[in-house]
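Notes follow once the structure below has been shown.
Keep in mind the model is a prediction, meaning the values are calculated, not measured. In what follows, chains are A, B, ... by sequence order, proteins preceding strands, each numbered from 1.
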Amino acid sequence: MSHDLLAGLNPEQLRAVTWDKGSALVLAGAGSGKTRVLTTRIAWLIQTGQVSPMGVLAVTFTNKAAREMLTRLSAMLPINTRGMWIGTFHGLCNRLLRAHHRDAGLPQLFQILDAQDQLSAVKRVLKALNVDTEKYEPRKLQSFINMNKEAGLRADKIEAYDPYTRRLAEYFAEYDAQCNREGVVDFAELLLRSYELLSRNAMLREHYQERFRHILVDEFQDTSRLQYDWLKLLRAPSNAIFGVGDDDQSIYAFRGANVANMAHFQQDMGIEEVIKLTQNYRSFGTILDAANAVISHNSNRLGKDLWTTAGRGELIRHYEAPSDLDEARFVVEEIQGLHREGMAYADTAVLYRSNAQSRVIEHALFSAGMPYRVYGGLRFFERAEIKHALAYLRLIANHDDDNAFLRVVNFPTRGVGARTVEAIDAAARAGGVSLWAAACAQGAGKKGLAGFVQLIEALRIETQGMSLAEQVEHVVARSGLIEHYKSERDGEDRIENLSELTNAATAFAGESESQDLADFLAHAALEAGEHEAQAGQDAVQLMTVHAAKGLEFMAVFITGLEEALFPHENSLTEVDGLEEERRLMYVAITRARQRLYLTHAAQRMLHGQPRYGLPSRFLQELPAELVQTIGGWRKTSALAAETMESAPPAPSRAAALPYRVGARVQHPRYGEGVVAGYQGQGAEAEVRVSFPKIGDKWFILEYARLTPC
DNA sequence: AACTCTTTAGTCGCG
DNA sequence: CTAAAGAGTT
């Protein structure tokens, strides 16, 4: 039987799939069949009777990855995957907390705050404490809270050596208190809460440890400190963790990912040998060589090189554009050419480091009348009208949800102004009760408020006994949202989305076999929905490099390959920042199957001003024989190369270029400025300096009276 | 309560 | 430049 399952696996994959000596770490390169290994292993474990479906715990980071695993698994095995613990960290923690909400100290119908909700909750805390939000920015506090929770730290465990941090910790504590009062948890809280639940409750912990004989973890390099500890807590000494990841694709340190977990895992589990999947099934050899070459400039790697049997393929194409406009024009023309040769638009992707860069490319595509799709932006459950409708539903499920209350108490407007809300807020704080309770108490006198209270109560009663979809439909219809959007100029889309919400509820009820409103609300928070825009059409794919991780395309354009943009200037001041940028470059390169374009622009508009960038150091890190320069307005970028730290030193001319681009310099007449670029060579070399007020100035390098500052 | 003006910030973003 | 958020105006 298992023959079918294992057929077609290469020796490395086979070794990983059938590993039977305890915990394992699989170093899975890009395009090496990682998902296949994970799912085949689960199927193999079940089919060979080593574990029952209930005994498997498989964790991913995205809903998409979890879905894919489930789909592939049900194709491999005739089992019902429902009830199996396969999902995202957050989804599984949610499941755990719902099942044991009492032990976790949560109300049964606790609600989940998404990032937006969390930010407004944070703002409310700061307002209640009368904090100067200039000094303590809500966003900063939000990320402070999340960073600490991701490291497993509550407010009282934070070591604050300065008054500022001490204050932040205080506000953190107050925020948590507010969440507890309101019966809501944020994303990080889902994890921390379930970690604490398991660590405090030995009975529960042992129950799950006994149950999950095999734990499998996808994208191990993206795990946070807390997630790693959570996994260790769930694993009995006799059970195995199978971790799959790629340290070279670790690009999420900024949101708490801790690559070091891979090394810790090796030590903690006594793993002697890492299984490496290095055969790549995606790209041609030239592309892989380029990726290998770039990433080899990083230190602290576990180490691996990708290879293929597919052959060399085409050279990488490098285009040097005079400006961002020209870069976009080039990309458009190339895609048109590819399309004429039969390539689908959807097989081409344009990647960039930051979202702002998409504008120019979008404009060029639009002018050329070509279809395109931009990834990112608002997702379905994040749209304002959907959040409004959900707020009504949340308030029915949990009256104490102050976030939801504030969102809709006066939307659509019903004469409950800021003054009234303030009064409710004061009463609620004085009485230590929720806004809802305070509103009920004083609502009688005020027309609008009384109407709101009655509406919510009526909805609660009316929806009892209804199916989930009926409840959603009913609440949307009675909330007045549709009437409100009818009178708005471009409200049609919003009304359409609201009716789509009913469809989403129907679909959810069908998939999960749950008619429970709380389940649906959790689903809405945990799965914000796809990025809607014209999915499924044949369109050029535009996205950031981060968003491209895990995807592949026949042809890939990596644009904006300039110093200070990619690698991003902000990363240069961060610890290991440059290495993370290089991994980002590695991810970008390995998205391409057949053809890879690298482009950079000498001049680019940034923040409304022209910026002059040198070619990215990553271009220099590519072996010249893999790259073919096409077009190009300048013969060589050798001059540029020599200003770069990572380039081999060229003493004679390095002395001639005393400042890096981006370096701050002082000029006796114009004051402080930033070096924006160089032009010419030798005695004619000129330096361009940007001054804040005055703008850009060219100086003959030899005579310019510049001093570093 | 809608509208307008001003100010400000601007890397990447799963759940 | 430009989008978003906050403040101020009608």
Just checking A:Glu219: base, sugar-phosphate only, or nothing, at a heavy-atom cut-off of under 4.0 Å? nothing
Interatomic distance at C1', C:dA5 relative to B:dC12, whole Å: 22 Å
Test ring pair (Phe, Tyr, Trp, His ring centres under 6.0 Å) on A:His546 and A:Tyr252; report intermediate values, then the result. CA-CA 9 Å; A:His546 281 92; A:Tyr252 284 115; 5.4 Å; yes
Rounded to whole angstrom units, what separation is found between the CG atom of A:Leu551 and the P atom of B:dG13? 13 Å
Counting the atoms with a prime plus P, OP1 and OP2 as sugar-phosphate, which does A:Asn410 contact under 4.0 Å by heavy atoms, base, sugar-phosphate, or nothing? sugar-phosphate
Of the listed C:dC1, B:dC12, B:dC14, the closest approach to the A:His607 side chain comes from C:dC1
Report the residue (A:His90 or A:His484) whose heavy-atom-nearest nucleotide on DNA chain B is the more 5′ of the two. A:His484
Out of B:dC14, B:dG15, B:dG13, which nucleotide sits closest to the side chain of A:Leu526? B:dG15
Distance below 4.0 Å between A:Asn63 side-chain N/O and B:dC14 OP1 or OP2: no
Whole Å only: how far is the CD atom of A:Glu569 from the C1' atom of B:dT11? 9 Å
From CD of A:Glu562 over to P of B:dT11, roughly how many Å is that when rounded to an integer? 16 Å
Is the count of non-hydrogen atoms from other residues, nucleotides or ligands lying under 6.0 Å from A:Arg139 atom CZ greater than 12? no
Length of the CD-P vector between A:Gln357 and B:dC12, whole Å: 9 Å
Spacing of A:Lys549 atom NZ relative to B:dG15 atom P, expressed in whole Å: 12 Å
Taking the side chain of A:Thr413 as its heavy atoms from C-beta onward, which of B:dA1, B:dG10, C:dT2 lies nearest to it? B:dA1
Please determine if a side-chain N or O atom of A:Arg379 lies less than 4.0 Å away from the OP1 or OP2 oxygen of B:dG15. yes
Remember a base hit wins even if backbone is also touched, and classify A:Lys123 as base, sugar-phosphate or nothing at under 4.0 Å, heavy atoms. sugar-phosphate
For the pair made of CH2 in A:Trp230 and C1' in B:dG15, what is the distance, rounded to whole Å? 13 Å
Has A:Asn355 got a side-chain N or O lying under 4.0 Å from the OP1 or OP2 atom of B:dC12? yes
Rounded to whole Å, how long is the line connecting atom CZ of A:Arg611 with atom P of B:dG10? 14 Å
Where does the angle between the aromatic ring planes of A:Phe411 and A:His388 fall among parallel (under 30°), tilted (30 to 60°) and perpendicular (over 60°)? parallel
How would you label the contact of A:Asp222 with the nucleic acid (heavy atoms, under 4.0 Å): base, sugar-phosphate, or nothing? nothing
Scan A:Asp114 against the nucleic acid and name what it touches under 4.0 Å (heavy atoms): base, sugar-phosphate only, or nothing. nothing
I want to verify a distance call: between B:dG15, B:dC14, B:dG13, whose nearest atom is closest to the A:Phe187 side chain? B:dG15
Taking for A:His568 and for A:Ala525 the nucleotide of DNA chain B with the nearest heavy atom, the one nearer the 5' end belongs to A:His568
Would you call the rings of A:His523 and A:Phe520 parallel, tilted or perpendicular, where under 30° means parallel and over 60° means perpendicular? parallel
Under 4.0 Å from OP1 or OP2 of B:dG13: is there any side-chain N or O of A:Thr544 that close? yes
Do other residues, nucleotides or ligands put more than 12 heavy atoms under 6.0 Å from A:Tyr164 OH? yes
Measuring from the side chain of A:Ala547 (C-beta onward, heavy atoms only), which nucleotide among C:dT2, B:dG13, B:dG15 has the closest atom? B:dG13
A:Arg407 to A:Tyr392, cation-pi by 6.0 Å centre distance and 45° axis angle: no
From CD of A:Glu134 over to P of C:dG6, roughly how many Å is that when rounded to an integer? 11 Å
